[in-house]
Q: 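Have a look at this one before I ask anything.
A note on names: the letters A, B, ... follow the listed sequences, proteins ahead of strands, and every chain is numbered from 1.
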Protein chains: 2
Amino acid sequence: MPSLERAGFTGGVLPSGCPTRVLLDHVTSKWGVLLLIALSEESLRWGELRRVVEGISEKMLAQTLRVLEGDGFVLREAEPTIPPRVDYSLTDRGRELADHLRPLLEWIAGHADEIIFGAAQQG
Amino acid sequence: MPSLERAGFTGGVLPSGCPTRVLLDHVTSKWGVLLLIALSEESLRWGELRRVVEGISEKMLAQTLRVLEGDGFVLREAEPTIPPRVDYSLTDRGRELADHLRPLLEWIAGHADEIIFGAAQQG
DNA sequence: CGGTATCCCCCTCGATACTG
DNA sequence: CAGTATCGAGGGGGATACCG
């Protein structure tokens with residue numbers, strides 16, 4: 001059961017270039033969180049992902065999906081039909097990750113308006 | 001209690017440019033998560049932050065802190081002494097956010113090695 | 001100590017065009 | 001439908017120098 005302490009956090013934080021930082025960059029990349037969350041609800045096809053994750057370009061969709069697939073978060077299943085059909089879904093590992101992402105995103109979504117439009121409050 | 005659904009997630013995802021996406025970009029910026037986590041343990045001075053968050057440049061430290069301060073996550077307290085002393089800490093809001101970030105980072109730290117060095121596993 | 005100002009490179013990302 | 005290839009702009013971000 002590794003903790004942030006074991007990972008070298010206390011009194012030195014995660015070393016730059018360590019696996020945890022690399023992975024953090026993958027997950028928190030511009031489109032990573034959005035794709036993971038989108039797929040956490042249901043498996044989606046390429047075209048559906050493009051529409052659901054509004055604003056993503058084909059290039060970034062392909063690129064981000066490949067990274068997420070390489071990390072074992074996303075499963076790509078292609079039907080060799082014509083026209084082709086490709087489904088993207090989360091692996092067990094990806095679902096575990098998404099389970100941590102979802103509360104975060106829900107909190108952010110729930111406070112976004114007051115934070116962005118309201119004044120920064122002291123605390 | 002806003003949910004992702006209320007925020008426009010289902011069948012359309014968070015609209016590009018919406019407050020939630022803006023905030024998500026702030027939090028998941030290259031150094032955002034690391035700074036938030038670092039400050040979640042204890043309040044730190046400028047110089048300590050530089051050392052603790054290994055690899056961050058002064059420019060990005062200043063820039064990211066200002067964004068986080070603007071969102072009301074980070075509190076900056078300067079003592080008008082010579083030499084100056086400035087402490088950075090989390091606001092209540094920042095602590096709430098960090099409480100969601102920490103489990104995520106712990107999960108990532110706990111799986112980073114097997115994911116980065118091991119083979120991508122199916123699921 | 002705790003910053004700001006400036007320069008500039010590089011790399012991300014979007015737009016466009018093309019393919020099986 | 002599901003991508004890949006290529007190009008070019010923009011800005012993220014590092015290095016350096018300087019200031020109160």
Q: It should be established whether B:R45 places a side-chain nitrogen or oxygen under 4.0 Å from OP1 or OP2 of nucleotide C:dG2.
A: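 For B:R45, the contact criterion (side-chain N or O under 4.0 Å from OP1 or OP2 of C:dG2) is met.
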
Q: Using atom types as modelled and distance alone, determine if a side-chain donor or acceptor of A:S40 lies under 3.5 Å from a backbone N or O of A:A98.
A: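 The answer is no, because no donor-acceptor pair under 3.5 Å joins these two groups.
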
Q: Strictly distance-based, threshold 3.5 Å: is any side-chain N or O of B:T64 a donor or acceptor partner for the main-chain N or O of B:L61?
A: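 Such a contact is absent between B:T64 side chain and B:L61 backbone.
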
Q: Rounded to whole angstrom units, what separation is found between the CZ atom of B:R21 and the P atom of C:dC13?
A: 13 Å

Q: Could you tell me from which nucleotide to which nucleotide of DNA chain D, 5' to 3', there is an atom under 4.0 Å from chain A heavy atoms?
A: D:dC1 to D:dC7

Q: Please state how far atom CD in B:E77 lies from atom P in C:dG3, giving the value in whole angstrom units.
A: 13 Å

Q: Both A:E58 and A:W31 contact DNA chain C. Taking the nearest nucleotide for each, which residue is further toward the 5' end?
A: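 Of the two residues, A:W31 wins.
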
Q: Considering every strand and a 4.0 Å limit on heavy-atom distances, what is the contact class for B:R50: base, sugar-phosphate, or nothing?
A: nothing

Q: Judged by atom type as modelled, is there a donor-acceptor pair below 3.5 Å linking the side chain of B:R45 to the main-chain atoms of B:Y88?
A: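 It does not hold such a pair.
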
Q: Which part of the nucleic acid does A:Q63 contact within heavy-atom distance under 4.0 Å: base, sugar-phosphate only, or nothing?
A: nothing

Q: Please give, in whole Å, the distance from C:dC13 C1' to A:L35 CG?
A: 14 Å

Q: Show, in sequence, the C-alpha distance, side-chain angles and deciding distance for B:L24 and A:V33, and conclude whether the side-chain contact (heavy atoms from CB on, under 4.5 Å) test is met.
A: CA-CA 9 Å; B:L24 187 64; A:V33 174; 4.2 Å; yes

Q: Toward the 5' end of DNA chain D, which comes first, B:M60 or A:P83, by nearest nucleotide?
A: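 Counting from the 5' end, the first nearest nucleotide belongs to A:P83.
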
Q: What's the OH-P distance between B:Y88 and C:dG2, to the nearest Å?
A: 9 Å

Q: Does the side-chain contact (heavy atoms from CB on, under 4.5 Å) test come out yes or no for A:E69 and A:L75, once each step is laid out?
A: CA-CA 6 Å; A:E69 200 189 345; A:L75 180 65; over 6 Å; no

Q: Is the shortest distance from a Lys or Arg side-chain nitrogen in B:R93 or A:E114 to a carboxylate oxygen in the other one below 4.0 Å?
A: yes

Q: Send over the distance from A:I56 CD1 to C:dA15 C1', rounded to a whole Å.
A: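 Rounding to the nearest Å, CD1 of A:I56 and C1' of C:dA15 are 15 Å apart.
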
Q: To the nearest Å, give me how far apart CZ (A:R66) and P (C:dT12) are.
A: 13 Å

Q: Would you say a side-chain N or O of B:K59 is under 4.0 Å from OP1 or OP2 of C:dT6?
A: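 Answer is no, no contact under 4.0 Å.
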
Q: Calculate the interatomic distance between B:L44 atom CG and C:dG2 atom C1'; express it in whole Å.
A: 15 Å

Q: Between the side chains of A:R102 and A:E41, is the shortest nitrogen-to-carboxylate-oxygen separation below 4.0 Å, so that they form an ion pair?
A: yes

Q: How do A:D87 and B:S57 order along DNA chain D: which one's closest nucleotide is nearer the 5' end?
A: A:D87

